[in-house]
Amino acid sequence: MATETEPVEQIPPMPTNPPTIPRATRVKTAFAEQRKHASARTRDWLATNDLDQVDIIEAATKTKDKKYDARLAQQERVTGEAIARHKVANARHDTDPSTVSASELASLTGRAAAEEAKLEALRNKPKLPPTDREIAATRTVKKAARAAIVAGGGLASLPLAGATIEQAASGQPMLLAALGTAAGYGWYLISRPFDAGQPAPAPTMGEQPLAAAVVNLAKPDPQPGQREFNAPPPPALTVQQLEDALRAIGEVRGDEQIQILAVPQREKDGNTTVVFDLPPRTTVAELKKKLPKLAGALGRDVSMVDVGKAGTEARASLWLTDQDPFENTRPSPLINAPTQLDAWKDGVPVGWNKRGATIRLAINIQSYVIAGMTRSGKGVGASNLVVGAAFDPRINLRIVAGKNNGEWDPYAKTGVASTYFKPSPERLLALLKALLADKDRRERDLGALGKSKLVGPVIEQVGGIEVLVIDELATYTRPGKPLGAEILEALIELSAVAAGAGILMVLITQYPEVKVIPQGLAMNCGARWAMRVENAEQSNAVLGGGQAGAGRDASKFDPPRQGFGWLVNPFAGVTDLARSFDLDEDERGEITMLLEKAAKIREQAGRLAGQWDDPIEKHLLNTTGLSSVAGGPKRDGQPGRNILQVTPEQRMQMEALRGCLVVMNDLGRDVAQLDEMAELIGGGMDEERLGELLRASGAGGTVKITVPHKEGRVNGYRRAPIADALAFLEGN
């Protein structure tokens with residue numbers, strides 16, 4: 001039986017190929033997408049959104065520094081011209097007074113002095129960070145410059161394009177191809193999709209004004225299993241962590257908030273700088289007082305955190321690092337570059353600060369106190385300062401040792417020390433009185449030059465800069481020490497009135513107590529470096545009253561490190577932790593090596609000990625009858641009757657005479673021949689050179705002598721003439 005079959009609905013077959021979108025439509029869509037990317041990227045670039053606040057602050061600082069340098073250079077030129085005119089007029093007046101009137105000469109003298117005063121004031125003017133107005137102006141300038149680039153590029157492209165087409169039509173297709181390639185590559189660069197963290201276009205919202213540009217700081221998650229390249233490092237400090245730390249130390253209270261101006265990301269060197277505004281109630285100065293607490297709240301040591309002003313009293317720049325910057329030692333930069341220094345203007349390198357920058361201390365208008373307990377590294381810190389001073393031949397070093405060891409002997413043996421002697425209260429008091437007398441002479445000379453104080457251009461004219469170094473000050477000033485009261489009185493007077501005349505002091509002690517450094521002396525020593533001490537009272541004796549309570553306590557270093565301490569230098573605007581460069585003499589002989597380099601610089605300038613007429617040593621010789629030029633006759637810190645000014649040639653003669661006496665002692669006789677003495681002296685000495693030195697020293701020529709290993713009488717020297725010549729040269 002046949003059954004009726006229901007009709008089956010027929011399904012049309014699927015097309016084998018999807019509908020083809022016209023190519024023109026696809027190109028138009030792709031180009032529109034690219035144009036959105038290009039527009040967003042251009043708007044973002046024109047708005048300088050790629051530059052954070054730290055970049056703008058740095059740019060503003062550089063601009064401000066350039067303006068300062070330009071003003072300084074201009075003032076130096078004006079000052080140089082004024083001095084030159086004064087010198088020419090003065091020379092003409094000396095030759096023929098009728099050519100230059102007294103009033104004209106006085107006018108030129110006054111103008112030169114005024115311009116020098118302006119120059120000195122400009123040099124001493126502290127460099128302040130840029131203000132908010134200057135920072136805003138810097139961003140505006142960058143925006144204008146970028147707008148000019150875009151406008152100039154667009155206008156300039158029109159005639160260029162026309163010329164290119166004409167050139168191509170006339171047979172220069174290669175130029176057209178090159179320009180086309182460059183244009184295509186440029187379009188590719190600005191039309192790429194934005195990377196994470198950059199502003200992206202909003203296709204559905206159409207074109208937006210620049211002020212409404214969307215900023216997306218969120219990083220999209222990578223696809224599962226996809227390795228993420230070019231990922232930024234994790235934040236060194238989140239905004240919440242910073243705010244929590246500030247609340248923990250009481251700088252942010254209640255509903256107060258901070259305003260972050262620069263996103264805290266790690267820099268290339270691993271450090272981080274965060275710029276933020278504090279609540280109006282507090283200031284950066286108040287935050288600095290709580291720096292140790294802030295460091296603890298951030299999970300770091302105080303040496304790993306630094307705070308400074310970023311333009312206003314309430315805008316802070318917080319720098320922090322994850323590694324202790326003082327953990328490892330560093331060599332002195334003079335080791336690699338032992339060149340002449342301008343210690344007055346540029347200073348000498350002594351150590352580095354938290355941020356790794358070299359600290360240079362200028363030797364011009366202030367005295368120094370360097371203190372610390374035994375093995376704290378105060379000697380290394382002082383050595384960096386004094387060795388650096390040796391590289392400026394205008395500085396006359398007067399070194400007074402507090403011990404009888406050989407710590408300071410290299411300064412004498414190389415001839416760098418104008419004065420050097422070991423513990424002698426009587427001679428120290430005589431030296432202080434000589435410096436006070438020389439202060440009066442210097443002030444008269446400055447008055448004749450029309451100056452109220454010593455300035456750079458006239459250093460040589462008044463005899464250089466006097467630097468008195470007293471090691472182990474307590475040896476001379478502690479209660480009960482011989483002449484202690486007289487020495488302290490002279491030191492206080494010298495520190496109070498002599499700096500303007502170019503007489504400065506470097507006082508070194510391991511007993512930083514009020515009895516050793518009374519307030520009248522400490523307050524006149526502007527720069528102070530406190531290594532590790534025993535207690536807060538000693539720290540305050542060095543750094544100033546109340547400094548320990550403000551967080552600067554040199555008894556709290558943990559761990560203590562040699563040469564590490566609080567450095568206060570108000571004239572340079574420095575109050576910070578610092579560590580001195582590693583400078584070793586006992587094992588590596590670095591101090592002697594550097595002083596030999598400095599001695600060559602001084603010898604060329606005619607300022608090596610004994611090369612110039614030294615009024616201080618002349619005073620000491622007249623007062624005591626003994627000379628301590630370069631450590632005395634034997635250069636060991638023991639003054640002697642050295643009447644002659646010893647020249648480099650005479651020093652070689654003395655060494656040759658001493659060598660001959662040593663040889664005779666070793667041979668066990670009072671006679672010797674030239675050849676055997678030269679051979680045993682060694683060091684490149686030959687018979688001919690030794691004979692020249694002995695004759696020039698006053699030992700005379702050879703005479704007939706008898707020696708055990710030769711038959712008959714031969715030519716040689718007897719002990720007596722050699723010893724007499726040496727005694728004469730040594731002044732004994």
Side-chain angles (χ1 to χ4, degrees), residues 54 57-58 61 126-127 129 236-237 241-242 245-246 249 262 264-276 284-310 315-333 347 349-361 370 372 376-377 380-381 384-385 527-532 539 542-543 547-548 550-582:
V54 174
I57 292 174
E58 290 179 352
T61 301
K127 291 185 178 181
L237 180 69
Q241 287 173 331
L242 175 58
L246 292 172
I249 65 174
Q265 294 291 336
R266 279 188 176 87
E267 300 168 3
K268 292 181 180 179
D269 55 6
N271 302 329
T272 301
T273 301
V274 188
V275 180
F276 60 94
V284 176
E286 293 297 323
L287 179 60
K288 283 185 175 182
K289 295 179 181 179
K290 300 180 179 180
L291 190 59
K293 294 182 178 180
L294 176 61
L298 293 172
R300 289 170 171 82
D301 187 77
V302 68
S303 63
M304 302 161 68
V305 178
D306 191 25
V307 173
K309 284 200 306 183
R315 179 163 294 172
S317 174
L318 170 65
W319 174 92
L320 63 159
T321 183
D322 294 330
Q323 184 177 358
D324 189 343
F326 300 114
E327 183 176 1
N328 300 316
T329 60
R330 296 185 185 183
S332 168
V350 298
W352 73 96
N353 62 12
K354 293 178 182 178
R355 306 195 185 198
T358 296
I359 296 174
R360 304 177 72 93
L361 295 181
I370 302 176
S376 65
V380 179
N384 276 277
L385 179 62
R528 308 164 190 182
W529 200 349
M531 314 298 184
R532 181 171 175 80
S539 182
V542 182
L543 300 176
Q547 291 296 310
R552 291 179 281 274
D553 189 345
S555 67
K556 301 293 186 182
F557 296 140
D558 184 22
R561 296 188 173 97
Q562 282 202 341
F564 177 58
W566 282 103
L567 176 62
V568 176
N569 189 356
F571 293 100
V574 175
T575 302
D576 204 351
L577 291 170
R579 188 175 185 184
S580 65
F581 292 118
D582 185 19

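Sequential numbering from 1 along the given sequence is applied to the chain's residues. Keep in mind the model is a prediction, meaning the values are calculated, not measured.
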To the closest 0.5 Å, what do you measure between [atom1] ([X]) and [atom2] ([Y])?
X: T329; Y: F564; atom1: OG1; atom2: CZ; result: 14.0 Å
X: T272; Y: L242; atom1: OG1; atom2: CG; result: 11.5 Å
X: R355; Y: T321; atom1: CZ; atom2: OG1; result: 11.0 Å
X: D301; Y: F326; atom1: CG; atom2: CZ; result: 9.5 Å
X: K288; Y: K309; atom1: NZ; atom2: NZ; result: 7.5 Å
X: D306; Y: N353; atom1: CG; atom2: CG; result: 7.5 Å

R330: partners by salt bridge (charged side-chain N to carboxylate O under 4.0 Å, His left out), with sequence neighbours left out: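 Checked R330 against salt bridge (charged side-chain N to carboxylate O under 4.0 Å, His left out); zero matches.
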Heavy-atom side-chain contact between [X] and [Y] under 4.5 Å:
X: L287; Y: I249; answer: yes
X: L318; Y: L298; answer: yes
X: P560; Y: S376; answer: no

Give the minimum heavy-atom separation between [X] and [Y], together with the two atoms involved.
X: V305; Y: K354; value: O-NZ, 2.5 Å
X: G563; Y: M531; value: C-SD, 3.6 Å
X: N271; Y: W319; value: CB-NE1, 3.4 Å
X: D553; Y: W566; value: N-NE1, 3.5 Å
X: L577; Y: F557; value: CD2-CE2, 3.8 Å
X: E327; Y: R579; value: O-NH1, 3.7 Å

SB check R561 D324 (cutoff 4.0 Å):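 Result for this pair is yes, salt bridge flagged.
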Qualifying residue for side chain to side chain contact (heavy atoms under 4.5 Å, CB included) with S580, from V380, L385, L567: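 Exactly one pass, corresponding to V380.
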From CA spacing to verdict: side chain to side chain contact (heavy atoms under 4.5 Å, CB included), R300, D322: CA-CA 7 Å; R300 289 170 171 82; D322 294 330; 2.6 Å; yes
Check: L543 main-chain N/O paired with R528 side-chain donor or acceptor under 3.5 Å: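 Yes: the side chain of R528 pairs with the backbone of L543.
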